[in-house]
Peer 1: 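Can you read through this structure? Questions will come right after.
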Amino acid sequence: MNALTTVSSLRRCSTSLLENLPILQLIKQCSSPKLLDSALAAMVKTSQNQDCFFMNQFITACTSFNRIDLALSSMTQMQEPNVFVYNALIKGFVTCSLPIRSLELYVRMLRDYVSPSSYTYSSLVKASLFDRVVGESVHAHIWKFGFCFHVQIQTTLIVFYSGLGRIEEARKVFDEMPERDEFTWTTMVSAYVRDFDMDSANALANRMSEKNVATWNCLIDGYMRLGNVEVAESLFDQMPVKDIITWTSMIKGYSFNKRYREAISVFYKMTEAGIVPDEVTMSTVISACAHLGVVEIGKEVHMYTVQNGFVLDVYIGSALVDMYSKCGCLNRALLVFFNLPEKNLFCWNAIIEGLAAHGYAREALRMLEKMEVELIKPNAVTFVSVLTASTHAGLVEEGQKVYRSMSSDYSIVSNIEHYGCMVALFSKAGLILEALELIESMEFEPNAVIWGALLDGCRLHKNLEIAEIAFKKLMVLEPRNSGYYSLLISMYAGENRWRDVAEVRGRMRGLGIEKLCPGTSWIELGKRVHVFAAADKSHSASDEVYLLLDEVYEQMALAGYVQESEGVY
DNA sequence: GTAGGGTTAG
């Protein structure tokens, strides 16, 4: 027997296998989107595609593989689809983010005289979350078909109205319900929390016979979001039962309020209390470490996730990438990034921002290309990173190309940050007029960052004329920022215009503006963070630091670095 | 006989 006959006999064999397998088993065993086609073929062959029970199962399977097209076409072949078939497909459209199509199918269902069930409306309310009028029509139908007292449907309606910010409507639904369960109460409390109305949220929560954990959690989250950490803390202490969401909400809340140390300490307390954290907790903690720049703790937390078998999901993944790159460990960030089993937009943004921050502009640009190849659509944040990197590296053409592709290929509208990047890119490259033109083309008012970038470019390229224009604007926007004065003073001094120097100095004095307070950097040694400023001699720890610094300067000089002393006045 | 549906942490 040659190879060809072996294959064809195998084929025959597998076909008959398919035919003999009970159809339900065949559908349930579909482990890939392709197998759905053979399952359907088998059903059509035996006319089982007319069976509503099987079709319901089949459509559900299609939905899980995102093959809603196949589900629809197979349903169209049916002579008498029943409510189960319609419901499966309506739900399928919602799951596949095609809400309008689910509504169209609903209309067809009514035309076919198939009576909707409560399941139909659960899906439909979800489908109408995007539009007020649609949702209201669905609500009307819910009344018309007698589901106005159905607890679960009414609860979804509360979600619907509160999502549109129509809290009074949501409350009306709540009040009109003849019976409510725990979910209903929590949903309504959560609606008030989302509306930042903690008084109403509290009042309602206190009317519950016993607050459930979800409600407590909801309130904690609300107070944290409003910056009321103390109340959140007291709720946390008061509540009788805490779950993982409670602990994670506290960690998240502290981070939200920039109290990262407390966030990390809650994490340790949680583990000491024997509560096992999950992926959400871990990514939150890692991100707190990133904000603090505490790489040692970050590593410890990273180790913890590895040792305890956490799934390296996109949240933990992007948090780790961000943490390592913010802590200066770009290599580790890259290592984590390339080993991620799944990467979403956030992971890509984290690594691109990391590369950009470390000055690897070309690599950041390459990453953008790679991400496009992997069909992840970049967003506005991605472009800010790439453009910033291009600016720092002076990659004018590349930056411009990326900027153009942002609007033409991705229809992303430039925000003020993108303009800021481009103005800086042009200014730094000496294309001062292009920068000015871009500023004038903006559809919103340029801010101080933009004029500041232009001013800085003018200093670099000695364009006093436009520097004065930028300075004038900056005097309106940020008249008390001493940096701009210093910049202009140094430019006048460079051209020996001492009278102008004196004039600007006089203005500074007149306004009582102090000299620029120096920017600071910090470094983590062991588990302590040390803060440095320019020309800082306060580190009495040892002279070694300064000796090392001298050596660094020397190496830099050897590498061809010329210190820019101009402009220091 | 079918569906697992509404609340809280990214």
Side-chain angles (χ1 to χ4, degrees), chain A residues 23-24 27-28 51-61 63-64 82-92 94-95 117-126 129 147 150-160 162-163 170 173-174 177 180-194 201 204-205 208 211-222 224-225 232 235-236 239 241-256 263 266-267 270 275 277-288 313-319 322 344 346-347:
Chain A
I23 205 73
L24 191 58
I27 296 168
K28 297 257 187 209
D51 184 302
C52 291
F53 173 67
F54 292 140
M55 277 310 280
N56 170 284
Q57 302 286 323
F58 179 71
I59 293 170
T60 307
T63 305
S64 68
N82 70 1
V83 61
F84 288 99
V85 175
Y86 271 108
N87 284 352
L89 199 54
I90 288 176
K91 189 180 172 194
V94 179
T95 313
S117 69
S118 69
Y119 284 85
T120 318
Y121 293 106
S122 289
S123 302
L124 285 181
V125 177
K126 263 194 195 160
L129 287 177
F147 293 101
H150 191 284
V151 180
Q152 293 177 141
I153 295 178
Q154 296 304 107
T155 307
T156 57
L157 282 168
I158 296 176
V159 176
F160 165 73
S162 81
V173 174
F174 179 86
M177 288 171 75
R180 310 174 189 103
D181 64 11
E182 258 187 53
F183 286 106
T184 317
W185 283 87
T186 311
T187 305
M188 194 62 229
V189 171
S190 143
Y192 281 126
V193 170
R194 256 186 248 171
L204 196 68
M208 295 172 77
K211 267 179 260 182
N212 59 29
V213 194
T215 306
W216 283 100
N217 292 345
C218 223
L219 294 171
I220 287 184
D221 185 55
M224 281 295 198
R225 275 178 211 269
L235 288 173
F236 179 78
M239 59 196 289
V241 183
K242 301 171 179 64
D243 67 4
I244 178 126
I245 298 181
T246 318
W247 287 92
T248 310
S249 300
M250 287 303 286
I251 298 173
K252 176 83 192 132
Y254 280 121
S255 285
F256 185 83
V266 170
F267 168 68
M270 169 182 181
I275 313 291
D278 68 3
E279 279 78 9
V280 182
T281 322
M282 296 318 289
S283 62
T284 311
V285 176
I286 295 166
S287 143
D313 69 7
V314 289
Y315 292 100
I316 293 191
S318 52
D322 185 55
N344 72 356
F346 292 87
C347 306

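Order of the sequence lines sets the chain letters (A, B, ...), proteins ahead of strands, with each chain counted from 1. Note that the structure is predicted; figures quoted are calculated from it, not measured.
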Peer 1: Taking the ring centre of each residue, are A/W247 and A/F267 less than 6.0 Å apart?
Peer 2: no
Peer 1: Considering only B/dG5, B/dT8, B/dA3, which nucleotide approaches the side chain of A/S118 most closely?
Peer 2: B/dG5
Peer 1: When you get a sec, tell me which of B/dT8, B/dG5, B/dT2 is the closest nucleotide to the side chain of A/N82?
Peer 2: B/dT2
Peer 1: Looking across every strand, which nucleic acid part, if any, lies under 4.0 Å from A/D221 by heavy atom: base, sugar-phosphate, or nothing?
Peer 2: sugar-phosphate
Peer 1: Nearest-Å distance, CZ (A/F236) to C1' (B/dA9)?
Peer 2: 13 Å
Peer 1: When you measure from the side-chain N and O atoms of A/R180 to the phosphate of B/dG6, is any distance below 4.0 Å, counting only OP1 and OP2?
Peer 2: no
Peer 1: Of the nucleotides B/dG6, B/dG10, B/dT7, which has the atom closest to the A/E279 side chain?
Peer 2: B/dG10
Peer 1: Please report the distance, rounded to the nearest Å, between CG in A/L219 and P in B/dA9.
Peer 2: 12 Å
Peer 1: Taking the side chain of A/D243 as its heavy atoms from C-beta onward, which of B/dT8, B/dG10, B/dG5 lies nearest to it?
Peer 2: B/dT8
Peer 1: Taking side chain as C-beta onward, heavy atoms only, is A/V151 less than 4.5 Å from A/T184?
Peer 2: yes
Peer 1: Decide yes or no, distance alone: a donor-acceptor N/O pair under 3.5 angstrom between the base of B/dA9 and the side-chain of A/N217.
Peer 2: no
Peer 1: Of the candidate nucleotides B/dG5, B/dG10, B/dG6, which contains the atom at the shortest distance from the side chain of A/S283?
Peer 2: B/dG10
Peer 1: In this structure, how many angstroms lie between the C1' atom of B/dT8 and the CH2 atom of A/W216, rounded?
Peer 2: 14 Å
Peer 1: What is the distance, to the nearest angstrom, from the CD1 atom on A/I245 to the C1' atom on B/dT8?
Peer 2: 5 Å
Peer 1: How many Å lie between CD on A/E182 and P on B/dG6, as a whole number?
Peer 2: 16 Å
Peer 1: Can you measure A/I158 atom CD1 to B/dT7 atom P for me and round it to whole angstrom units?
Peer 2: 11 Å
Peer 1: Given B/dG6, B/dG10, B/dG5, which nucleotide is nearest the side-chain atoms of A/K252?
Peer 2: B/dG10
Peer 1: Taking any heavy-atom pair under 4.0 Å as a contact, classify A/D313: base, sugar-phosphate, or nothing.
Peer 2: base
Peer 1: B/dA9, B/dG5, B/dT8: which one has an atom nearest the side-chain heavy atoms of A/Q152?
Peer 2: B/dG5
Peer 1: Roughly how far, to the nearest 0.5 Å, is CD1 of A/I153 from OG of A/S117?
Peer 2: 8.0 Å
Peer 1: With the six-membered base ring of B/dG10 as reference, does the ring of A/Y315 sit under 5.5 Å away with planes under 30° apart?
Peer 2: yes
Peer 1: Side chain of A/T184 only, please: which of B/dT2, B/dA9, B/dG6 is the nearest?
Peer 2: B/dG6
Peer 1: Check whether any side-chain heavy atom of A/M239 lies under 4.5 Å from a side-chain heavy atom of A/I220, and answer yes or no.
Peer 2: yes
Peer 1: What I'd like to find out is whether the side chain of A/S162 reaches to under 4.5 Å of the side chain of A/R194, using heavy atoms alone.
Peer 2: yes
Peer 1: Consider the side chain of A/D278, meaning its heavy atoms from C-beta on, and name the nucleotide among B/dA9, B/dT7, B/dG6 that approaches it most closely.
Peer 2: B/dA9
Peer 1: Can you check whether A/K91 has a side-chain N or O nearer than 4.0 Å to OP1 or OP2 of B/dA3?
Peer 2: no
Peer 1: Please check if the number of heavy atoms outside A/F236 that lie under 6.0 Å from its CZ is greater than 12.
Peer 2: yes
Peer 1: Between B/dG5 atom P and A/L157 atom CG, what is the distance in whole Å?
Peer 2: 18 Å
Peer 1: Given B/dT7, B/dG10, B/dT2, identify the nucleotide with an atom nearest to the side chain of A/R194.
Peer 2: B/dT7
Peer 1: A side-chain contact here means heavy atoms from C-beta on lying under 4.5 Å apart; do A/K91 and A/T63 qualify?
Peer 2: no
Peer 1: When the distance from NZ of A/K126 to P of B/dA3 is rounded to whole Å, what number comes out?
Peer 2: 16 Å
Peer 1: With centres under 5.5 Å and planes under 30° as the test, does A/Y119 stack with B/dA3?
Peer 2: yes
Peer 1: What's A/V125 touching, base or sugar-phosphate or nothing? Going by heavy atoms closer than 4.0 Å.
Peer 2: nothing
Peer 1: If you look at every strand shown and take non-hydrogen atoms under 4.0 Å, does A/T156 touch a base, only sugar-phosphate, or nothing?
Peer 2: sugar-phosphate
